[in-house]
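Down below is the structure, laid out as structure tokens.
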Amino acid sequence: MSAPPFIDSLDFAKNGQQISGEMLIADLLRLSDVLENSQGVLRFTVQGSLNKYGVPMLVLSLSGSCTLRCQRCLGSLDYPVTLETTVLLRSQAELDALEESDEEEYDSILAQVKLDIQDLLEEEVLLSLPIAPKHEVGACQTTNRDDAGKDAKHPFAALAKLKT
Ligand SMILES: [Zn+2]
């Protein structure tokens, strides 16, 4: 099942609707810059609800895996994605007022009639990824030709150092 791309966010939240499905990593174009490859699938659920103050919200759950690039050896690094987060739906006027207080437990987004679910979920995944992912110490990949002591001669080793 593929995701319906848009929901009427306020209506969805007020009626307690829920959708779930799968997204291909390959379809998440903004993620492609930070991933080593485009393999993988993310399962998601979006549950609409109202919080105790009656503010419409969306509870987002995601699980799956993606492949990051280790910043030490530039090898591929399987990274499990599991996140659950809540976003509150606000009008533009409410959002403007919020910027002054900025003391909310959850992020707020603009309540849209055509909210792009995939875009929202992709944003949450991006925010959850580590900035400089690395293998566990000692688990970095070395090629057969270069033993660990000759890392400096590996063309990518120099690049890796520039990035850190
Ligand atoms: Zn590594």
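Ligands are counted one by one from 1 in listed order, and the atoms in each one are counted from 1 as well. Just so you know, these numbers use all the heavy atoms, side chains as well, and skip hydrogens, waters and symmetry mates.
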[X] and [Y]: which non-hydrogen atoms are nearest, and at how many Å?
| X | Y | value |
| --- | --- | --- |
| Glu36 | Leu68 | CB-O, 3.4 Å |
| Glu122 | Arg30 | OE2-N, 2.7 Å |
| Pro56 | Leu10 | CG-CD2, 3.4 Å |

Does Glu84 reach the main-chain N or O of Thr82 with its side chain, forming a donor-acceptor pair under 3.5 Å?
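Side chain of Glu84 to backbone of Thr82, a donor-acceptor pair under 3.5 Å: no, none is there.
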Under-2.8 Å protein N/O/S neighbours of the Zn ion (ligand 1), ordered by chain then residue number:
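Listed by chain and number, the atoms are Cys70 SG, Cys73 SG, His135 ND1, Cys140 SG.
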How about Leu62 and Met23: do any of their side-chain heavy atoms sit closer than 4.5 Å?
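Result yes, sub-4.5 Å side-chain heavy-atom pair found.
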Validation: residues 46-54 side-chain donor-acceptor distances under 3.5 Å, sequence neighbours left out:
| residue | atom | partner | partner atom | Å |
| --- | --- | --- | --- | --- |
| Gln47 | OE1 | Gln18 | NE2 | 3.0 |
| Gln47 | NE2 | Gly16 | O | 3.2 |
| Gln47 | NE2 | Gln17 | O | 3.4 |
| Asn51 | OD1 | Tyr53 | N | 2.9 |
| Asn51 | OD1 | Gly54 | N | 3.1 |
| Asn51 | OD1 | Val55 | N | 2.9 |

